[in-house]
Colleague: 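Below: one structure in structure tokens.
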Amino acid sequence: MSDHAFRAPKGTRDVLWPDSARRRFLVEVFAEVVGSAGYLEVVPPIFEHIEVFQRLGPATDVVRKEMYAFEDKGGRTIALRPEQTASVVRGFAEHRPAVPYKTWYAGPNFRYERAQKGRFRQFDQVGVEVLGPYDPHLDAETITLAWRFYERLGLRRVTLLVNSLGSAEDRGRYVDALRVHFEENRDALSEESRATLAANPMRVLDSKREADIELVDAAPLMLDHLSDDSAEHFTAVTEALDAVGVPYTVNPRLVRGLDYYVRTTFEFAADALDASQNAVGGGGRYDGLAAEMGAPETPGVGFALGVDRTLLACDAEGVFAAPASAVDVFVVDATDGTEAVVLTDRLRSAGLRVDRAWDGRSMKAQMRAADRSAAVLAVIIGEDERASGMATVRDLRGDGGQETVEIGQLTDILRARLR
RNA sequence: GUGGCCGUAGCUCAGUCUGGUUAGAGCACCUGGUUGUGGUCCAGGAUGUCGGGGGUUCGAAUCCCCUCGGUCACCCCA
């Protein structure tokens with residue numbers, strides 16, 4: 001591994017090709033899917049004043065213990081963004097664009113926590129946020145777009161879980177009922193859950209500890225505490241999902257870690273991944289957040305999908321493979337090397353993907369480099385070709401057949417053979 | 001943040017329990033066999049502060065302590 005040399009900081013890593021190419025393709029697919037629905041890209045800053053994230057709620061772990069914060073030279077307390085919803089909504093409050101404000105984003109987030117596979121201190125997400133409409137059909141649209149995105153990647157084993165947390169008032173009544181339920185059986189709860197109960201009773205529903213299973217199963221359900229208005233909203237969401245044919249499971253115990261969610265919440269689980277970290281994406285409605293950020297009361301809904309975990313899910317399902325090669329043509333120059341200088345430039349300018357070997361190595365070594373580049377064709381220029389104005393085109397993937405052609409026709413011939 | 005396991009060549013690992021000559025293997029890499037031809041084969045070659053620091057010892061990859069990193073579980077989430 002390493003000597004006294006530098007290493008990437010804990011919880012971070014270098015993404016090398018071809019993984020880097022694969023990530024970029026993933027973002028391109030996402031941009032196409034949401035772009036086709038009129039969503040516009042937004043690029044928020046990577047850090048914010050810490051207060052922006054503190055608006056996410058005091059019981060939210062992301063702000064309570066996972067914030068990457070520091071003081072800058074101006075004495076401001078700055079935090080690297082743990083997620084992008086807060087930044088996007090802050091930007092909405094700051095610029096007041098016309099609604100509906102439909103945006104998408106892609107980029108890194110930072111959380112200070114113990115790293116493991118599929119969980120890094122710097123991790124990428126893609127997502128959408130929409131400010132303005134209260135319409136439940138919009139919730140369904142965002143969910144549908146995420147679903148189509150997974151489909152486009154080739155993922156087949158993704159499960160959509162949906163739930164409604166009700167309005168802020170519904171939620172308040174429900175939390176009271178939950179608190180009563182758990183307090184009455186306090187002694188049966190695990191020690192960890194008793195601590196969670198004090199901070200946020202709903203989060204107890206998330207417990208995976210044996211001791212808590214019975215009590216969690218017996219807990220009152222949010223869906224029984226919805227006001228008529230919230231229940232109607234939720235029904236409209238699920239009916240819209242039915243109408244477009246996106247399969248889902250209603251999970252009345254789905255609680256998400258961010259405190260700002262109201263009404264619709266949803267999560268995407270990759271069944272091909274281990275259950276402990278199978279959440280590849282999630283989102284919901286946050287009708288109170290814009291006002292928290294200083295905008296007029298404005299409903300909002302959105303989701304974020306984890307790039308790293310989505311790619312792990314793709315690995316597990318054997319889909320969305322990384323590219324096999326970076327170039328299609330490899331130039332081998334067995335003369336003094338000047339032919340390769342000119343030829344690579346000409347072919348690239350013609351739109352071909354072309355590489356070559358360096359350091360004046362033997363033809364055998366250059367051919368080996370050509371093979372390893374995974375290019376489909378080699379263009380060979382030796383003394384004979386140079387003298388006669390020809391070039392040899394050799395097939396590297398099939399039987400290795402080759403032909404010698406006029407240098408002037410090389411570009412057209414390469415294009416034709418690569419088709 | 002708490003606990004378990006792990007860290008030897010670019011990669012995957014053996015060697016660690018039972019300290020002892022120049023620290024090994026496979027793959028990958030380089031050169032040659034083929035002075036103009038890769039992918040197979042054959043021959044040869046290069047590469048390690050044994051994660052880092054300290055300690056015990058005549059002697060440490062091996063034993064002890066600290067530290068950094070990875071990994072898994074918890075917590076939580078992407």
Side-chain angles (χ1 to χ4, degrees), chain A residues 1-13 16 59-66 82-85 107-127 146 190-193 195-196 199-200 203-204 206-212 255-258 267-270 273-283 303-313 330 332-335 357 359 361-386 392-402 404:
Chain A
M1 294 281 142
S2 192
D3 26 10
H4 36 267
F6 293 113
R7 277 189 292 198
K10 189 182 182 74
T12 69
R13 70 251 167 87
L16 305 181
T60 304
D61 279 349
V62 162
V63 316
R64 211 176 75 239
K65 57 180 191 184
E66 296 172 4
E83 55 129 55
Q84 293 179 67
T85 304
N109 302 319
F110 305 84
R111 292 182 196 171
Y112 192 92
E113 59 183 343
R114 192 79 166 252
Q116 54 182 267
K117 181 176 287 184
R119 185 169 72 179
F120 305 97
R121 287 185 170 181
Q122 176 178 334
F123 62 100
D124 274 58
Q125 287 184 330
V126 295
S190 67
E191 192 184 329
E192 295 89 338
S193 287
T196 306
N200 185 343
R203 204 73 63 65
V204 176
D206 257 348
S207 171
K208 291 167 197 152
R209 287 169 290 268
E210 289 274 329
D212 300 326
V255 177
R256 302 204 29 89
L258 296 156
E267 188 167 300
F268 298 95
L273 296 179
D274 289 339
S276 59
Q277 275 172 75
N278 66 351
V280 292
F303 65 72
L305 313 180
V307 171
D308 307 281
R309 281 197 196 168
T310 298
L311 289 174
L312 285 176
F330 200 96
V332 171
D333 184 345
T335 70
D359 294 331
R361 302 177 63 192
S362 70
M363 183 167 184
K364 180 190 177 87
Q366 290 190 55
M367 284 302 294
R368 212 182 302 126
D371 185 51
R372 267 199 310 259
S373 77
V376 177
L377 298 171
V379 171
I380 301 167
I381 306 290
E383 295 298 348
D384 294 350
E385 284 85 349
R386 177 152 78 170
T392 295
V393 177
R394 181 177 174 88
D395 169 35
L396 292 172
R397 297 304 132 205
D399 58 5
Q402 62 186 48
T404 298

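Convention: sequence-line order gives letters A, B, ...; per-chain numbering from 1.
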Colleague: Rounding to an integer number of Å, can you tell me how far A/Arg13 CZ sits from B/rU71 C1'?
Modeller: 14 Å

Colleague: Roughly how many Å apart are B/rC64 and B/rU16, using the C1' atom of each and rounding to a whole number?
Modeller: 14 Å

Colleague: Within the modelled atom types, does a donor on one side and an acceptor on the other bring the side chain of A/Arg111 and the base of B/rC76 under 3.5 Å apart?
Modeller: no

Colleague: Does the base of B/rG38 carry an N or O that pairs as donor and acceptor with the side chain of A/Arg394 under 3.5 Å?
Modeller: yes

Colleague: Is the shortest heavy-atom distance from the side chain of A/Val393 to the side chain of A/Gln402 under 4.5 Å?
Modeller: no

Colleague: Counting N and O atoms only, with roles assigned by atom type, does the side chain of A/Arg111 sit under 3.5 Å from a partner on the main chain of A/Glu66, one being a donor and the other an acceptor?
Modeller: no

Colleague: Which residues pass the side chain to side chain donor-acceptor pair (under 3.5 Å) test with A/Arg121, sequence neighbours left out?
Modeller: none

Colleague: Is A/Ala370 touching bases, backbone alone, or none of the nucleic acid, heavy atoms closer than 4.0 Å?
Modeller: nothing

Colleague: Determine the Euclidean distance between corresponding C1' atoms of B/rG38 and B/rG33; express it in Å to zero decimal places.
Modeller: 16 Å

Colleague: Mind checking A/Arg119 for me? I need base, sugar-phosphate or nothing, with any heavy atom below 4.0 Å counting as a touch.
Modeller: base

Colleague: Taking the same atom, C1', in B/rU22 and in B/rC50, what whole-Å distance lies between them?
Modeller: 16 Å

Colleague: Between B/rG52 and A/Arg7, is there an OP1 or OP2 to side-chain N/O distance shorter than 4.0 Å?
Modeller: no

Colleague: Measure from the side-chain heavy atoms of A/Glu113 and tell me the nearest of B/rG36, B/rC76, B/rC68.
Modeller: B/rC76

Colleague: Quickly work out the A/Ile380 CD1 to B/rU37 P distance and round it to whole Å.
Modeller: 10 Å

Colleague: Could you let me know what B/rG10 is paired to, Watson-Crick or G-U wobble, both distances under 3.5 Å, or none if it's on its own?
Modeller: B/rC27

Colleague: Could you check A/Val280 against A/Leu273 for side-chain contact (heavy atoms from CB on, under 4.5 Å), going step by step and ending with a plain yes or no?
Modeller: CA-CA 9 Å; A/Val280 292; A/Leu273 296 179; 4.1 Å; yes

Colleague: Grab the CD-P distance between A/Gln366 and B/rU37 for me, whole Å please.
Modeller: 12 Å

Colleague: At 4.0 Å (heavy atoms only), tell me whether A/Glu385 reaches a base, stays on the sugar-phosphate, or touches nothing.
Modeller: base

Colleague: To the nearest angstrom, how far is A/Lys364 atom NZ from B/rC29 atom C1'?
Modeller: 14 Å

Colleague: Among B/rU31, B/rG70, B/rC76, which nucleotide has an atom closest to any side-chain atom of A/Lys10?
Modeller: B/rG70

Colleague: Under a 3.5 Å cut-off for both distances, is B/rU22 Watson-Crick or wobble paired, and to whom?
Modeller: none

Colleague: To the nearest 0.5 Å, what is the distance between CD on A/Gln122 and CG on A/Asn109?
Modeller: 9.0 Å

Colleague: Remember a base hit wins even if backbone is also touched, and classify A/Asn109 as base, sugar-phosphate or nothing at under 4.0 Å, heavy atoms.
Modeller: nothing

Colleague: Go through the N and O atoms of the side chain of A/Asp371 and the base of B/rG39, and report whether any donor-acceptor pair is under 3.5 Å.
Modeller: no

Colleague: What nitrogen or oxygen pairs link the protein and nucleotides 3-6 of chain B at under 3.5 Å?
Modeller:
unit_1, atom_1, unit_2, atom_2, d
B/rG3, O6, A/Arg114, NH2, 3.1

Colleague: How close or far is atom P of B/rA78 from atom CG of A/Leu258, stated in whole angstroms?
Modeller: 6 Å

Colleague: Provide the distance between the two C1' atoms, one in B/rA60 and one in B/rG54, to the nearest whole Å.
Modeller: 13 Å

Colleague: Across the strands shown, which category fits A/Gly11 at heavy-atom distances under 4.0 angstrom: base, sugar-phosphate, nothing?
Modeller: sugar-phosphate

Colleague: With rounding to whole Å, what would you report as the distance between B/rG51 and B/rA61 at their P atoms?
Modeller: 10 Å

Colleague: Considering every strand and a 4.0 Å limit on heavy-atom distances, what is the contact class for A/Arg361: base, sugar-phosphate, or nothing?
Modeller: sugar-phosphate

Colleague: Return yes if the base of B/rA78 and the side-chain atoms of A/Gln84 contain a donor-acceptor N/O pair under 3.5 Å, otherwise no.
Modeller: no

Colleague: Under a 3.5 Å limit for both distances, which nucleotide forms a Watson-Crick or G-U wobble pair with B/rU2, could you say?
Modeller: B/rA73

Colleague: Any strand counts, and the cut-off is 3.5 Å on both contacts for Watson-Crick or G-U wobble. Which nucleotide pairs with B/rC41?
Modeller: B/rG33

Colleague: Could you tell me if the side chain of A/Glu385 sits less than 4.5 Å from the side chain of A/Val379, heavy atoms only?
Modeller: no

Colleague: Please state how far atom CD in A/Gln402 lies from atom P in B/rG39, giving the value in whole angstrom units.
Modeller: 15 Å

Colleague: Let me know the distance between CE of A/Met363 and P of B/rU37, rounded to the nearest Å.
Modeller: 6 Å

Colleague: Between B/rG10 and B/rC66, how many Å separate the two C1' atoms, rounded to a whole number?
Modeller: 30 Å

Colleague: Donor-acceptor pair, distance only, cut-off 3.5 Å: does the side chain of A/Arg397 make one with the backbone of A/Ala375?
Modeller: yes

Colleague: Looking at A/Asp333 and A/Arg386, is there a salt bridge between them, counting it only when a charged N and a carboxylate O are closer than 4.0 Å?
Modeller: no

Colleague: Looking at A/Arg372, does any N or O in its side chain come under 4.0 Å of the phosphate oxygens OP1/OP2 on B/rC29?
Modeller: yes

Colleague: Please report the distance separating the P of B/rC75 from the corresponding atom of B/rA14, rounded so that it comes out in whole Å.
Modeller: 32 Å

Colleague: Just name whichever nucleotide pairs with B/rU56, Watson-Crick or G-U, keeping both distances under 3.5 Å, else none.
Modeller: none

Colleague: Ignoring hydrogens and geometry, is there a side-chain-to-backbone donor-acceptor pair from A/Gln366 to A/Arg361 under 3.5 Å?
Modeller: yes

Colleague: Who pairs with A/Thr404 by side chain to side chain contact (heavy atoms under 4.5 Å, CB included), at least two apart in sequence or on another chain?
Modeller: A/Met390, A/Thr392

Colleague: When rounded to the nearest Å, what value does the distance between P atoms of B/rC29 and B/rU18 take?
Modeller: 41 Å

Colleague: Rounded to the nearest Å, what distance is computed from the CG atom of residue A/Leu305 to the P atom of nucleotide B/rA78?
Modeller: 10 Å

